[in-house]
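All heavy atoms count here, side chains included; hydrogens, waters and symmetry mates do not. Proteins get letters first, then strands, A, B, ... in listed order; numbering begins at 1 in each. Nothing here was measured: the structure is a model prediction, and the numbers come from that model.
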Amino acid sequence: MKKEKRQNAAADILRACLKNKAALIPGIIILIVIALSVFGPLLTHYDETSQDLLNRLMPPGNGHIFGTDELGRDVFTRVLYGTRVSLLVALLPTALAVAAGCAAGVCAAEFKGATDFIIMRLADIMLSIPGMLLAMVVLYTLGGSLTSVVISLVLIEWGGIAVVVRTATLEIRESEFVEAAVSTGAGRFRVMMRHILPNLVPTLIVLFTLNIPSSILSESGLSFLGIGIQPPDVSLGLMAGSSRQYLFQMPHLALAPAGMIMVLVLSFNFLGDALRDILDPGRRTL
Amino acid sequence: MSENVLISARNVTKSFKLPGNKRHIAVDNVSLEMYKGETLALVGESGCGKSTLAKLLMRLLDADSGEIIFDGTDISALSGRALRPFRKRMQMVFQDPASSLDPRMKVRDIIAEPLEVWNALGKKETDERVLELLEMVELKESAMYKYPHQFSGGQKQRIGIARAIALNPDLIVCDESVSALDVSVQAQILNLLKRLKKDLGLSCLFISHDLSVVNFIADRVCVMQARKICEINDAKSLYEHPEREYTRYLLSSIPTIQVKNVF
Amino acid sequence: MSDILLELKNLTVSIRRDKEDIPIVKGVDIAIPRGKIVGLVGESGCGKSMTAKSVMGILPGAARVSFGSILWHDPDGTVTDLTGLKEKELRKMCGTKIGMVFQEPMTSLNPMMRIGDQVAEVLLIHKLVKNRSEARDKVIQLLNEVGIPEPELRYRSYPHELSGGMRQRVMIAMAVICEPKLLIADEPTTALDVTIEAQILKLIRQMCEARNMSAIVITHNMGVVSRLCDSVYVMYMGRIMERASVRDLFSNPIHPYTRGLLSSIPRIGENSEYLKTIPGNIPESEKETVGCEFCLRCSEDERRCFFERPEETEAEEGHFVSCFTAGPGNEVHHE
């Protein structure tokens with residue numbers, strides 16, 4: 001009895017997620033996809049790069065679940081490996097962007113004045129440049145690679161996050177419990193760590209999950225254009241891009257990676273929405 | 001007499017900036033003295049400056065001009081670190097019990113926050129002190145590990161009171177602390193405040209728009225009207241012989257109930 | 001012509017939550033006589049607002065009338081059950097025969113519209129005037145009647161340019177412009193200062209008397225009831241605990257809840273050390289109780305209250321109480 005009461009907030013949230021179907025289903029799907037991409041090599045006896053020119057452009061079946069591509073590579077294996085890259089590209093730059101945006105937004109709201117002005121104008125500038133254009137500039141300068149894709153995605157995303165975080169911080173700062181903390185004598189740092197950041201967490205998690213799909217889509221777009229991930233590395237976008245010549249004869253070549261992109265994007269979107277509801281403690285009991 | 005004064009304001013003025021270089025004067029050249037151990041009520045209609053005056057006294061806002069003297073020290077010029085020891089001695093109970101408690105903190109952490117800020121005690125002692133405080137505000141021990149939203153409005157306000165008295169302050173400021181509550185709960189909280197005030201020897205600055213509530217709790221009443229003090233007097237004399245026209249008008253506006261035979 | 005305008009019969013409103021219907025108004029009977037002001041008083045969560053909202057058909061999403069009827073008596077003797085009306089018929093009915101005043105006039109007025117136009121809008125929607133200029137004349141006349149100075153000038157004001165009291169006057173004008181037979185006022189003065197409150201209460205009283213209009217006033221404030229109403233229903237957790245004329249209720253409150261409520265109010269000129277209170281908190285209305293809703297907080301020591309719900313009994317003429325202690329042969333003991 002006593003033990004149960006002492007469980008921390010993370011456990012509470014996890015339990016709420018398990019009860020909530022809207023969070024549970026996309027959560028499970030994401031976990032399955034992660035497991036597939038991590039344990040991919042165990043599920044297939046093909047290699048993602050080994051070519052088999054005799055069995056080019058095979059339809060699904062015959063030991064190839066999704067058939068083979070124009071170089072006779074197993075599409076299923078390539079989707080597994082591509083998902084790995086896409087997930088990495090989804091999680092890493094989004095996490096970095098949320099961290100950067102959060103730091104920028106909180107600083108802007110907390111220090112006000114010149115700091116606020118500079119950070120927010122910088123964010124405005126970033127937001128006013130079309131994302132793809134910005135990414136192309138970075139990629140042409142640094143060359144196409146995973147690192148430059150990550151850098152360009154962080155650059156695209158941090159501005160929007162900073163704006164949202166700044167507004168949320170200002171709102172929390174205005175609330176009476178912050179005033180109450182100040183009146184007990186709590187310093188600025190304590191207020192930031194104990195009150196503002198914990199209350200930002202739901203906003204951050206939602207921003208994180210809602211930005212993941214756009215990261216996946218941006219990476220796919222960039223790779224599709226041929227300036228993102230470079231062969232022999234493989235990503236879902238790259239696969240979809242290289243299959244466009246065969247779109248009408250062999251639609252499965254595009255459908256397999258595109259379907260995976262869709263599953264990931266939708267799952268993260270739904271998870272984000274569900275988490276937003278769960279993380280509001282007032283509504284958790286409802 | 002002057003060592004009996006806990007906190008006083010001398011010619012305090014506060015104005016807020018409005019868009020377009022205009023200024024809105026919220027408190028206009030107000031002087032006020034509050035004695036140790038008394039309950040002083042600030043009453044007035046919305047926008048009369050009573051909440052702003054209280055926040056000025058607590059130094060949650062900075063006055064444009066004038067002095068705030070707390071227990072013999074002018075605190076109006078102090079800032080940051082120098083002000084902290086005084087913060088400890090004045091605490092606040094807010095109007096809306098829902099928004100004045102951090103929704104993401106458990107009750108134990110909410111009540112312990114002032115204790116932790118002052119590093120007063122170790123973890124075990126803090127827990128004991130929190131328990132003691134919960135008992136003082138008549139909440140059960142099991143409240144410790146719940147979140148604020150699991151409590152009713154009156155219980156939340158009790159948590160807010162426990163937090164305010166955690167550091168044994170000299171002064172607590174109650175800003176409309178019972179006006180958001182239901183009548184039956186309001187009476188409980190009023191009784192609690194009155195009892196705590198007596199047991200702990202607190203001084204209490206009680207801000208309210210409700211003259212009947214003030215009549216119950218206050219020793220002295222200060223009526224504010226349009227950013228200035230209109231009348232200040234003992235509660236009894238003020239209610240029986242209001243000197244100013246405005247006070248009489250306020251008193252006559254209260255809906256009175258003629259009830260016989262209750263209990 | 002019966003002298004009852006609106007009758008709620010065994011009205012039950014429930015909210016659907018987690019696949020369960022939780023009743024929040026439990027079999028309430030209320031009769032509103034023509035030209036009278038009826039108060040519905042109780043603490044938060046007692047179902048008073050839901051009762052009023054069910055009359056207007058504006059219950060929030062998950063709530064619905066699950067049982068009972070709301071009968072509207074027209075002067076010619078026809079009776080309409082509002083719960084059986086279609087959305088469109090109800091809207092028409094509500095617009096022309098029932099007016100409503102809300103607690104917060106700032107949020108119930110459109111901030112982007114001039115107040116005069118907002119009031120005139122109501123007339124135009126229900127086609128009660130031929131054209132805009134006729135509507136305008138009527139609105140200005142009414143703004144004058146509700147005590148707005150310089151109505152021609154104020155016609156062109158936006159809501160934020162008015163004080164809270166003035167906005168509430170505009171709301172009242174909007175509610176009565178179609179000459180309704182019934183005014184529903186949901187906490188009409190809760191957001192206002194006492195001096196303004198007194199003026200608004202007086203205005204509502206005047207409007208009702210001038211138009212022979214009935215009113216339901218929903219409030220938590222006993223003072224408002226005593227100033228404004230003719231009769232009063234005391235609600236607790238979805239049930240009527242006591243009903244009587246205002247004079248009877250305040251001179252001889254019988255139900256332990258009413259007495260507790262009245263003694264909880266601090267009164268000027270009465271200097272007791274502590275207030276008498278009702279112990280405990282208002283329970284969450286999640287669980288259906290078999291006994292009296294108030295038994296857990298009641299000062300009377302009656303065992304059967306926990307197992308049996310008291311029927312409504314007439315304690316004195318026109319004064320009904322749902323409590324065993326008020327039954328015949330049960331003399332109420334006051335200390």
Can you say whether [X] sits under 4.5 Å from chain A via the side chain, the backbone, both, or neither, judging by heavy atoms?
X	result
Met105(B)	side chain
Leu101(B)	backbone
Arg163(B)	side chain

Practice item. Below 4.5 Å from any heavy atom of chain B, which atoms of Arg194(A) appear? Answer side chain, backbone, both or neither. Key: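 Both parts, heavy atoms under 4.5 Å.
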
**Study point:** Residues, nucleotides or ligands: over 12 heavy atoms within 6.0 Å of Glu171(A) CD
**Key:**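 Counting neighbours around CD of Glu171(A), 12 or fewer heavy atoms of other residues, nucleotides or ligands fall under 6.0 Å, so no.
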
Review point. Take atom CD in Glu138(B); do more than 12 heavy atoms of anything else shown fall under 6.0 Å from it?
Key: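 Counting other residues, nucleotides and ligands, CD of Glu138(B) exceeds 12 neighbours.
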
Check your understanding: So, for Ser100(B) and Ala180(A), which heavy atoms are closest and what is the spacing to 0.1 Å?
Key ->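 In terms of heavy atoms, the two residues are closest at O-CB, 4.0 Å.
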
Exercise for review: Write down the atom of Arg104(B), the atom of Pro198(A), and the distance for their closest heavy-atom approach.
Suggested key: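 For Arg104(B) versus Pro198(A), the nearest heavy atoms are CD-O, 3.1 Å.
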
Check your understanding: About how many Å separate CZ of Phe94(B) and OG of Ser183(A), when rounded to the nearest 0.5 Å?
Key ->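 These two atoms lie 4.5 Å from each other.
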
In terms of heavy-atom pairs under 4.5 Å with chain A, which of [options] leads?
options	answer
Glu113(B), Met92(B), Arg108(B)	Glu113(B)
Val117(B), Asp102(B), Ile110(B)	Asp102(B)
Leu83(B), Leu167(B), Val93(B), Asp96(B)	Asp96(B)
Arg84(B), Met144(B), Glu116(B)	Glu116(B)
Pro148(B), Pro114(B), Pro169(B), Pro85(B)	Pro114(B)

Review point. So, does Trp118(B) use its side chain to make a donor-acceptor pair with the main chain of Thr184(A) at under 3.5 Å?
Key: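 Here the side-chain-to-backbone pair exists.
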
Check your understanding: How far apart are the C-alpha atoms of Glu179(A) and Met58(B), what are their side-chain angles, what is the distance that settles it, and do they pass the side-chain contact (heavy atoms from CB on, under 4.5 Å) test?
Key -> CA-CA 11 Å; Glu179(A) 203 178 347; Met58(B) 287 194 77; over 6 Å; no

Check your understanding: Can you pull out the residues in residues 97-128 of chain A with any heavy atom less than 4.5 Å from chain B?
Key ->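 Checking residues 97-128 of chain A against chain B gives no residue, so none.
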
